[in-house]
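Quick note: numbers below take in every heavy atom, side chains included, and nothing from hydrogens, waters or symmetry partners.
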Amino acid sequence: MALSGMRGLSVFISDVRNCQNKEQERLRIDKELGNIRTRFKNEKGLTPYEKKKYVWKMLYIYMLGYDVDFGHMEAISLISAPKYPEKQVGYIVTSCLLNENHDFLRVVINAVRNDIIGRNETFQCLALTMVGNIGGKEFAESLAPDVQRLLISSSCRPLVRKKAALCLLRLYRKNPDVVNIDGWSDCMSQLLDERDLGVLTSVMSLFVALVSNNNEAYRNCLPKCVKILERLARNQDIPQEYTYYGIPSPWLQVKTTKALQYFPTVEDPNTRRALFEVLQRILMGTDVVKNVNKNNASHAVLFEALALVMHLDAEKEMMSQCVALLGKFIAVREPNIRYLGLENMTRMLLITDVQDIIKRHQTQILTSLKDPDISIRRRALDLLYGMCDVTNAKDIVEELLQYLSTADFAMREELALKAAILAEKFAPDLSWYVDVILQLIDKAGDFVSDDIWYRVVQFVTNNEDLQPYAAAKAREYLDKPALHETMVKVSAYILGEYSHLLARRPGCRPKEIFAIINEKLPTVSKPTVAILLSTYAKIMMHTQPPYPELQEQIWAIFRKYESYIDVEIQQRAVEYFVLSRKGAALVDVLAEMPKFPERQSALLKKAEDAEVDTADQSAIKLRSQQQTSNALVVTDQQHVNGSILGNQLGLVKMPSQKMEASTHNQGLTKENGAVSKVDPEPTPSADLLGDLLGPLAMEGPPAAPVSGEKNMISALEATPDAAGALALATVGDQSNSVQPIVNIAERFHALCLQDSGVLYEDPYIQIGIKAEWRAHHGHLVLFLGNKNTSPLLSVRALILPPSHLKMELSLVPETIPPRAQVQCLLEVVNLRASRDVAVLDFLLV
């Protein structure tokens with residue numbers, strides 16, 4: 001903008017720049033603001049020149065970061081001026097000083113509208129620019145129809161139509177209702193026939209926003225988008241000013257390709273063939289050159305084209321070509337191109353047919369793990385994590401273990417987590433899995449979360465053949481002079497449970513096991529001391545009759561910690577000392593850990609939470625599509641047979657003893673007394689022993705899928721003398737080959753006296769209940785557990801309350817995943833006393 005002739009403004013700017021410190025600047029600003037305020041009070045004496053000058057000064061002060069809380073009306077009044085210089089100042093200063101929520105904007109709407117519908121194109125551009133910058137709902141409601149008329153008008157110059165398209169885009173983002181879908185789809189189809197590339201680029205930005213919200217309404221525009229791409233790809237009728245380093249309007253190509261990704265399919269065969277010819281031309285014509293600007297433009301088009309190829313599920317030949325092209329990119333020296341190649345190759349993992357082709361580049365991807373750029377190393381790790389399967393898991397995991405020693409500290413935790421997940425999912429045998437986890441702990445103990453060593457404990461506990469091997473490996477690691485505390489934990493626990501299996505091996509007698517573990521006791525933290533005390537008790541339990549010398553040594557340690565300041569350690573020492581004096585009864589009290597029950601993996605969930613961008617999510621999604629882990633978890637923390645692991649290591653509570661408890665209102669929100677949302681899965685407490693192991697931990701073949709009306713189950717027979725308020729009724733007239741494995745009548749009567757427990761259980765499902773009553777109001781949580789390896793589909797619930805009960809059942813999830821549990825809330829209000837019971841039926845397919 002030209003400020004020539006405004007000497008006062010130039011002098012003021014010079015004075016501010018020449019200030020020696022912030023205080024001088026503030027004094028000069030305050031002086032000028034006072035002068036402007038005084039002059040604005042006598043507005044009638046101001047000439048248009050002076051008003052412009054003072055408004056410019058206000059804008060400059062505002063740009064320096066000072067508050068300007070007056071003069072807004074003077075700036076707005078310039079918008080109504082008949083001459084361009086004053087109007088230009090008014091629009092610019094108003095755009096900067098006011099936001100979309102400012103009350104003064106209402107004053108200016110009429111003036112802006114008059115400029116938009118006027119015949120002066122310069123004024124139209126000023127008005128459209130300000131409306132596009134400020135936006136706002138009031139502008140959208142008042143000005144959108146006029147902006148639309150400018151856009152579709154054939155008499156307007158391209159400059160005005162470009163600004164009208166971008167202005168309408170801003171208004172649409174603020175208020176989508178300003179665009180009427182019914183009439184606008186035909187208008188958009190006509191606009192896409194525009195020959196001017198400037199207008200077409202602006203219209204395409206608007207089209208992307210429209211089609212992202214409703215692609216079906218604009219399906220008639222799909223062939224037009226393909227024709228635009230054909231025109232650009234063949235460089236037909238492209239003005240020189242829209243050619244960027246030899247590439248015809250790369251911005252329009254990117255936007256058009258992005259718009260096509262919002263359509264599910266291209267049904268017309270001719271349109272589909274034309275589109276794939278264009279994509280083939282883009283893939284064949286893109287290569288790495290020395291010019292950075294050309295590289296940026298061509299690769300922007302290429303990567304959007306790759307995304308469209310994946311979206312349309314192209315033929316395998318084209319997919320192979322895409323992977324080969326990305327393989328070239330990950331081998332070039334330019335780091336930005338390598339990053340983009342790795343990121344897009346990770347996205348392509350979602351396509352099953354090309355995973356084997358991606359594996360051909362495994363060596364180059366592994367090389368990227370040693371790249372100086374940490375962002376490239378992260379992308380390489382994500383790609384390796386996503387492409388891993390049973391055929392290459394061993395090589396990838398071993399490479400990750402080698403890289404772990406030299407990896408950045410910022411990456412080690414993620415690296416250890418992903419290596420542990422891959423080792424679990426694709427282990428060729430259990431002993432290899434144990435070796436990998438122990439190496440992880442040994443090389444990066446500070447970065448190995450407790451969940452990882454909890455899981456190896458679960459594997460060992462649930463596989464008897466693995467126990468001697470795991471105990472022997474733990475014994476080997478204890479011989480190392482420098483040992484991480486996490487390794488002490490896992491080794492002590494495994495040896496406490498299974499060291500008796502090594503009794504005949506050299507160096508593995510109880511005395512020797514105790515001696516080598518006891519060497520670590522002075523150097524470990526309090527939680528580990530608690531685990532070591534449990535280990536000593538286990539060692540004594542496995543040596544019955546006890547060795548007097550060993551017994552005295554262990555008793556001395558227990559007596560030492562009987563007065564320890566930490567309550568947990570003190571309690572363990574006291575209890576173990578008393579238990580150890582019971583002789584042979586110690587064997588029954590400190591029996592081996594039972595096998596852990598099964599539930600969904602928590603390590604995989606932890607990996608999902610750590611991912612942040614699209615490429616990472618693609619790899620995670622691929623992992624979830626592969627074979628599901630059938631593994632193990634503990635439930636609520638409690639002592640079993642007197643054996644205790646530690647503050648963070650709870651023991652198992654078998655589902656047959658008590659239903660897993662969780663707060664009855666977890667994940668529920670209530671509006672006016674109605675349940676509006678139910679969390680489909682219970683959240684495990686933070687101190688559980690991990691969540692779920694992989695398929696390695698399962699024994700026996702998967703159960704057959706549950707189907708048909710055989711699973712019209714009922715948990716209780718509604719008896720007239722039942723004293724409860726809820727029963728699960730048995731449908732007697734239907735044939736049911738699935739028999740419950742619990743006594744239904746006993747469970748019902750037990751729940752009449754208890755707040756929680758298992759209501760029904762058969763080989764396929766388990767239904768539990770947790771109740772809380774306050775006077776005549778009851779909150780009941782139903783736990784529906786799928787014990788099968790197949791999902792339960794089309795889950796339905798029917799409740800028939802008697803007249804004295806008012807009952808409201810929350811939404812029941814239609815699908816219960818394999819080996820998962822969901823919750824349903826049941827609100828009950830008892831209106832009067834009665835012996836009748838409610839009937840609750842479930843249909844599970």
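Considering all non-hydrogen atoms of both residues, A259 and V211 come closest at O-CG1, 4.1 Å. The heavy-atom pair separating I247 from S298 by the smallest distance is CD1-N, 3.5 Å. Closest approach of F329 to G341, counting heavy atoms only: CB-CA, 4.2 Å. Between S202 and A165, the shortest heavy-atom contact is CB-CB, 3.8 Å. When every heavy atom of S142 is checked against every heavy atom of D146, the shortest pair comes out as O-OD2, 3.9 Å. What you find for T256 and C225 is that their closest heavy atoms are CG2-O, 3.4 Å.
A salt bridge links K87 to D115: one of the charged nitrogens lies within less than 4.0 Å of a carboxylate oxygen. In summary, R106 and E138 engage in a salt bridge, as defined by a charged side-chain N under 4.0 Å from a carboxylate O. Salt bridge annotation for D193-K227: absent, with no cationic side-chain nitrogen under 4.0 angstrom from a carboxylate oxygen. Salt-bridge check for K258 with E304: passed, with a basic side-chain N closer than 4.0 Å to an acidic carboxylate O.
Counting heavy atoms from C-beta on, the side chains of L312 and L275 come closer than 4.5 Å. Looking at I365 and M387, their side chains come closer than 4.5 Å, going by heavy atoms from C-beta outward. The side-chain heavy atoms of M204 and L192, taken from C-beta on, include a pair separated by under 4.5 Å. Side-chain contact check for R231 versus L197: some heavy-atom pair is nearer than 4.5 Å.
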Do L326 and L306 pass the side-chain contact (heavy atoms from CB on, under 4.5 Å) test, and can you show the C-alpha distance, the side-chain angles, and the key distance before you say yes or no?
CA-CA 10 Å; L326 293 174; L306 288 174; 3.6 Å; yes
Give the C-alpha distance, both sets of side-chain angles, the deciding distance and a yes or no for side-chain contact (heavy atoms from CB on, under 4.5 Å) between T129 and Y91.
CA-CA 9 Å; T129 301; Y91 275 118; over 6 Å; no
Where do D382 and E414 land on the side-chain contact (heavy atoms from CB on, under 4.5 Å) test, with the steps shown first?
CA-CA 10 Å; D382 296 331; E414 179 185 1; 3.4 Å; yes
side-chain contact (heavy atoms from CB on, under 4.5 Å) assessment of M58 paired with E74
CA-CA 11 Å; M58 284 171 48; E74 285 73 12; 5.9 Å; no
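With S212 contributing its side chain and A209 its backbone, the two residues share a donor-acceptor pair below 3.5 Å. Within the 3.5 Å criterion, the main-chain N or O of K137 finds no donor-acceptor partner in the side chain of K174. Judged purely by atom type and a 3.5 angstrom limit, Q253 has no side-chain atom pairing as donor or acceptor with the backbone of L229. Side-chain N or O atoms of N99 include one that pairs as donor or acceptor with a backbone N or O of N101 at under 3.5 Å. With hydrogens and angles disregarded, no donor-acceptor distance shorter than 3.5 Å links the side chain of R170 to the backbone of V131. Here the side chain of Y262 pairs no donor or acceptor atom with the backbone of V208 at under 3.5 angstrom. Using a distance-only test at 3.5 Å, with no hydrogens or angles considered, no donor-acceptor pair links the side chain of Q124 to the main chain of K163. A donor-acceptor pair is defined here as one N or O able to donate and one able to accept, closer than 3.5 Å; no such pair exists between the side chain of R272 and the backbone of E267. Between the side chain of H311 and the backbone N or O of F263, at least one donor-acceptor pair lies under 3.5 Å.
Note that CE of M73 is 10.0 Å distant from OG1 of T94, once rounded to the nearest 0.5 Å. From E100, atom CD reaches atom CG of L105 across 9.0 Å, with rounding to the nearest 0.5 Å.
Around CD of E241, the count of heavy atoms belonging to other residues, nucleotides or ligands within 6.0 Å exceeds 12.
Between F123 and Y84, the ring planes lie parallel to each other; the angle is under 30°, not in the 30° to 60° tilted range.
For the residue pair S189 and K224, a side-chain donor N or O sits within less than 3.5 Å of a side-chain acceptor on the partner. Side-chain contact, R273 with N270: a donor N or O sits under 3.5 Å from an acceptor N or O.
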